[in-house]
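Input: a single structure, listed below in structure tokens.
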There are 2 protein chains.
Amino acid sequence: MQTNQELDIESTANVLKLLGDKTRLTMIKIMSEHECCVCEFVDLFEMSQPAISQHLRKLKDGGIVKETRRSQWIFYSLNPSSSFYSFITTVIRDLPSQQYKLDELEVQGKRICCD
Amino acid sequence: MQTNQELDIESTANVLKLLGDKTRLTMIKIMSEHECCVCEFVDLFEMSQPAISQHLRKLKDGGIVKETRRSQWIFYSLNPSSSFYSFITTVIRDLPSQQYKLDELEVQGKRICCD
DNA sequence: TGTTCATATAAGTATATTCTTATATAATAA
DNA sequence: TTATTATATAAGAATATACTTATATGAACA
């Protein structure tokens, strides 16, 4: 049920700039498959926790991800309320699934689960 | 006849970074509607000729536009041979047409035509 | 040939981006 | 309450980006 609303060039450029970083683009693809918490991202990327936090902050400031606290963890996921939600899912559609990365975390016992 | 080949995350991020600039994104949308020469871009954007030239250089280095010299002018257009061609046309599909800008140039007698 | 017009490149500058380390905040558990 | 764990923020540094002006190149034409 995609509406194909016309998008504004400037705000689209801003969203594309957010996606135009390897780390953030990978994060977005991961979140399109599963919500994910900060420490999982830290384990997935060889990068400090503040660096991860800062990338997530940019995505949140851009309104394209949302956060949910679940006890001590904060889970990030794509924000389906964003006016760019369907745009983003289209853009990342043909990127390779990152599921294997989460599977690796699982094997290492580093996957966070709040069920 | 889109093949939907799987795209590499890193090179996709690089293409998205190229699109993630208001000037370049507008240029790309314009080129998706018409080929365009450098001096037309200079007239369309309030920006120096070298600035325009440098943006076009980045797009060319990224392989997503191509150039064709026609007498003293160099016309730029989307490169249909790029592995990102269909990706890019999808990304810009719902952006507002920039045809009106070219129409304005035409009215001002600034449109370059080599027919 | 020399001049003009279109475009590219070089060099420099201001600002933005993306990290780092150090520290603050906030929830949980002993 | 205190310690621990998860996350965010602050400050600073290295690098990248996007302009500017000056100059080079290259085609067209008198």
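Residue numbering restarts at 1 for every chain, and letters A, B, ... go by the order of the sequence lines. Because only heavy atoms are used, hydrogens play no part in the values below, and waters and symmetry mates are left out as well, while side chains stay in.
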Lys110(A) NZ to dA6(D) P: how many Å, rounded?
12 Å
Sequence neighbours excluded, which residues qualify as side chain to side chain donor-acceptor pair (under 3.5 Å) partners of Thr89(B)?
none
Which part of the nucleic acid, if any, lies within reach of Glu67(B) when heavy atoms closer than 4.0 Å are counted: base, sugar-phosphate only, or nothing?
sugar-phosphate
When the distance from CG of Asp61(B) to P of dA18(D) is rounded to whole Å, what number comes out?
13 Å
Under the side chain to side chain contact (heavy atoms under 4.5 Å, CB included) rule, collect the residues that match up with Asn14(B), sequence neighbours excluded.
Glu10(B)
Would you mind building the protein contact string for nucleotides 17-24 of chain C? One character per nucleotide, 5' to 3', B for base within reach (heavy atoms under 4.0 Å), S for sugar-phosphate only, - for untouched.
SSBBBB--
Suppose the criterion is salt bridge (Lys or Arg N to Asp or Glu O under 4.0 Å): which pairs have a residue in residues 43-60 of chain A, not counting sequence neighbours?
Arg57(A)-Asp61(A), Lys60(A)-Glu67(A)
Below 3.5 Å between N/O atoms, which protein atoms pair up with nucleotides 25-27 of chain C? Just atom names and distances, please.
none

Residues that Asp103(B) engages under side chain to side chain contact (heavy atoms under 4.5 Å, CB included), provided they are two or more places apart:
Gln99(B)
Interatomic distance where CG belongs to Leu18(B) and C1' belongs to dA18(D) [whole Å]
13 Å
What is the separation between atom NZ on Lys22(A) and atom P on dA16(D), rounded to the nearest whole Å?
16 Å
Who are the side chain to side chain contact (heavy atoms under 4.5 Å, CB included) partners of Gln98(A), not counting sequence neighbours?
Thr26(A), Lys29(A), Ile30(A), Glu33(A), Pro96(A), Tyr100(A), Lys101(A), Ile9(B)
More than 12 heavy atoms of other groups within 6.0 Å of Lys66(B) NZ:
yes
Listed partners of Glu106(A) passing side chain to side chain contact (heavy atoms under 4.5 Å, CB included), at least two apart:
Arg111(A)
With a cut-off of 3.5 Å and sequence neighbours excluded, list every side-chain donor-acceptor pair involving residues 47-56 of chain A.
unit_1: Ser48(A); atom_1: OG; unit_2: Ala51(A); atom_2: N; d: 3.2
unit_1: His55(A); atom_1: ND1; unit_2: Arg24(A); atom_2: NH1; d: 3.1

Given atom NZ of Lys60(B) and atom P of dT7(C), what is their separation to the nearest angstrom?
13 Å
Rounded interatomic separation in angstrom, taking CH2 from Trp73(A) and C1' from dT4(D)
13 Å
Contact class for Tyr76(A) vs. all strands (heavy atom < 4.0 Å): base, sugar-phosphate, or nothing?
sugar-phosphate
Does dT9(D) have OP1 or OP2 sitting under 4.0 Å from an N or O in the side chain of Arg57(A)?
yes
Rounded to whole Å, CZ of Arg70(A) lies from C1' of dT5(D) at a distance of 18 Å
What's the CD1-P distance between Ile112(B) and dA27(D), to the nearest Å?
18 Å
